[in-house]
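The structure under discussion appears below in the form of structure tokens.
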Amino acid sequence: MTNIPPEIQPYKRTAWKPITTDGDGALTASKFAGKPWLGKHEKWPKCPCCQEPLQFFLQLNLNQLPEALQNEFGSGILQMFYCTNIDTLCDVDYEGWEAFSDVHFLRIIQPEGEAQDVEIPKTQDFFPPKLIVDWQQLEDYPNSEEASEFGIELNDELYEDNFPIEGDKLAGWPLWIQGIEYPNCPICGETMRLVFQVDSEDNLPFMFGDAGCGYITQCKDHKNIVAFAWACG
Ligand SMILES: [Zn+2]
Ligand SMILES: [Zn+2]
């Protein structure tokens, strides 16, 4: 059991780790890869660089998150797609590590119209689907750099080995690999907050750079503004 320094305890947040099973679920389910919810006449999102279908990373049904997060991130389905085409290195040309890069496609869709009987494109290797069946609730704390912004100096290696929690997780504190990199909302300029951390090689067989970590963020006031960025050491 890690000792939580008392001065950092007021900054405790709850994070949830997805519990997954292999295989796909309903079109509206929270999941990694598999079939996203798409409207009847929508096309699978394409990369503006290579024109190939984007890799579907994940979707979260915001109406079915843990009780404590009901309405926190809005309603509908948050989806993330990203170009992983290794022949063209689109993410290098389009700086895929940056928030709002054109080789990402993120949105919150309201699954109200008729859904499409989705066919997964066969043009590249798509990740095997994993259905999120439950959430494991955990305590999470900020890293020492964020703590220092609150005037707290942490010098506890055991703490820093354990927090922020690594791997894929919902909410909590970001495991920053480089500096603190919350994007700003393009509408109001406010700092966006973490919705979901997408780590390398956790639920998805993908590595961001050299064991990097990715972050889906959202503006608290403009919930349709969602972004993805990643960093590596
Ligand atoms: Zn591409
Ligand atoms: Zn905003």
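Remember, it's a predicted structure, so these values are computed and weren't measured experimentally. Computation of the quantities below employed the complete heavy-atom set of this structure, encompassing side-chain atoms and omitting hydrogens, waters and symmetry-equivalent molecules.
Judged as a side-chain contact (heavy atoms from CB on, under 4.5 Å), and not counting sequence neighbours, the contacts of Ile180 are Glu145, Glu146, Glu149, Trp176, Tyr182. Residues that satisfy the ring pair (Phe, Tyr, Trp, His ring centres under 6.0 Å) test with Tyr94, not counting sequence neighbours, are absent from this structure. Judged as a salt bridge (Lys or Arg N to Asp or Glu O under 4.0 Å), and not counting sequence neighbours, Lys43 has no contacts. Judged as a side chain to side chain donor-acceptor pair (under 3.5 Å), and not counting sequence neighbours, the contacts of Asn203 are Thr20, Asp168. In this structure Glu201 satisfies the salt bridge (Lys or Arg N to Asp or Glu O under 4.0 Å) test with no other residue, sequence neighbours excluded. Under the salt bridge (Lys or Arg N to Asp or Glu O under 4.0 Å) criterion, Lys12 pairs with Glu139, not counting sequence neighbours. With sequence neighbours left out, the side-chain contact (heavy atoms from CB on, under 4.5 Å) criterion links Ala99 to Pro183, Ala227, Ala229. For Phe126, the ring pair (Phe, Tyr, Trp, His ring centres under 6.0 Å) partners are Trp44, not counting sequence neighbours.
Using a 4.5 Å heavy-atom threshold, the side chains of Leu138 and Thr14 count as separate. Considering only heavy atoms from C-beta on, Leu106 stays 4.5 Å or farther from Gln79 through its side chain. Side-chain atoms of Ser30 and Gln59, non-hydrogen and from C-beta on, never get closer than 4.5 Å to each other. Proximity of Ser148 to Glu153: side-chain heavy atoms (C-beta onward) are separated by under 4.5 Å at one or more points. Side-chain atoms of Asn184 and Glu190, non-hydrogen and from C-beta on, never get closer than 4.5 Å to each other. Residues Pro5 and Leu154 meet the side-chain proximity criterion, which asks for heavy atoms closer than 4.5 Å. Side-chain atoms of Asn143 and Glu160, non-hydrogen and from C-beta on, never get closer than 4.5 Å to each other. Looking at heavy atoms from C-beta onward, Lys31 lies out of side-chain contact with Leu58 at the 4.5 angstrom threshold.
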Trace of the side-chain contact (heavy atoms from CB on, under 4.5 Å) decision for Val198 with Phe208: CA-CA 9 Å; Val198 192; Phe208 297 103; 4.1 Å; yes
Gln110 vs Ser75, side-chain contact (heavy atoms from CB on, under 4.5 Å): CA-CA, chis, key distance, verdict: CA-CA 7 Å; Gln110 302 303 325; Ser75 63; 3.7 Å; yes
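Between Lys169 and the options Asp199, Asp202, Asp140, a side chain to side chain donor-acceptor pair (under 3.5 Å) holds for only Asp140.
One finds the CG atom of Leu170 at 6.5 Å from the CZ atom of Phe196 (value rounded to the nearest 0.5 Å). Atom CG of Leu27 sits about 8.5 Å away from atom CD1 of Ile77, to the nearest 0.5 Å. Note that CG of Leu60 is 5.5 Å distant from CD1 of Ile132, once rounded to the nearest 0.5 Å. With rounding to the nearest 0.5 Å, the separation of CH2 in Trp173 from CD1 in Ile8 is 7.5 Å. Here the CD atom belonging to Gln116 is positioned 9.5 Å from the NE2 atom belonging to His41, to the nearest 0.5 angstrom. Expressed to the nearest 0.5 Å, how far CZ of Arg13 lies from OH of Tyr141 amounts to 12.5 Å.
Heavy atoms only, all atoms of each residue included: Pro205 and Pro128 are closest at CG-CD, 3.9 Å. Closest non-hydrogen pair, Trp37 versus Ala115, comes out as NE1-CB, 3.3 Å. The minimum heavy-atom distance between Leu38 and Arg107, with the atom names listed, is CD2-NH2, 3.6 Å. The two atoms that bring Ala231 and Gln178 nearest to each other are CB-CG, 4.2 Å, heavy atoms only. Here the shortest heavy-atom pairing between Gly25 and Ala29 reads C-CB, 4.5 Å. Considering all non-hydrogen atoms of both residues, Cys232 and Trp230 come closest at SG-CZ3, 3.9 Å.
Applying the 6.0 Å contact sphere to CD of Glu119 captures no more than 12 heavy atoms from other residues, nucleotides or ligands. Other residues, nucleotides and ligands contribute at most 12 non-hydrogen atoms within 6.0 Å of the CD atom of Glu166. In this structure, Asp117 places its CG atom where only 12 or fewer heavy-atom neighbours from other residues, nucleotides or ligands lie under 6.0 Å away.
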Contacts under 3.5 angstrom, residues 47-57 side chains, donor-acceptor by atom type, not counting sequence neighbours:
residue, atom, partner, partner atom, Å
Gln51, NE2, Pro48, O, 3.1
Gln55, OE1, Phe127, N, 2.9
Gln55, NE2, Thr84, OG1, 3.0
Gln55, NE2, Asp125, O, 3.4

List the atom pairs, with distances to 0.1 Å, where a side-chain N or O of residues 209-220 and a protein N or O form a donor-acceptor pair under 3.5 Å, not counting sequence neighbours.
residue, atom, partner, partner atom, Å
Tyr215, OH, Leu175, O, 2.7
Tyr215, OH, Ile177, N, 3.4
Gln218, OE1, Arg193, NH2, 3.0
Gln218, NE2, Phe73, O, 3.0
Gln218, NE2, Lys223, O, 2.9

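One hydrophobic cluster, built from ILVMFWY side chains closer than 4.5 Å, holds both Phe163 and Phe150. Placement of Val195 and Ile108 within a single hydrophobic cluster is found when ILVMFWY residues are connected by side-chain heavy-atom separations under 4.5 Å, directly or transitively. Both Leu204 and Leu78 are assigned to one and the same hydrophobic cluster, defined by single-linkage of ILVMFWY side chains at heavy-atom distances under 4.5 Å. By the rule that hydrophobic residues join a cluster once side-chain heavy atoms approach within less than 4.5 Å of another member, Trp97 and Phe105 end up as members of separate clusters.
Think of Val92 as one node in a network of Ile, Leu, Val, Met, Phe, Trp and Tyr side chains linked at under 4.5 Å; its network also takes in Leu89. In the hydrophobic clustering, where aliphatic and aromatic side chains (Ile, Leu, Val, Met, Phe, Trp, Tyr) are joined below 4.5 Å either directly or transitively, Ile225 groups with Phe100, Ile187, Met192.
Note: Phe228 and His104 have perpendicular aromatic rings, judged against thresholds of 30 and 60 degrees for the angle between ring planes.
Side-chain atoms of Glu72 never come within 3.5 Å of backbone atoms of Leu69 as a donor-acceptor pair (strictly under, hydrogens ignored). Using a distance-only test at 3.5 Å, with no hydrogens or angles considered, no donor-acceptor pair links the side chain of Lys130 to the main chain of Thr21. Under a 3.5 Å cut-off, the side chain of Asn63 and the backbone N or O of Gly76 do form a donor-acceptor pair.
In this structure, the ring of Phe32 has its center no less than 6.0 angstrom from the ring center of Phe206.
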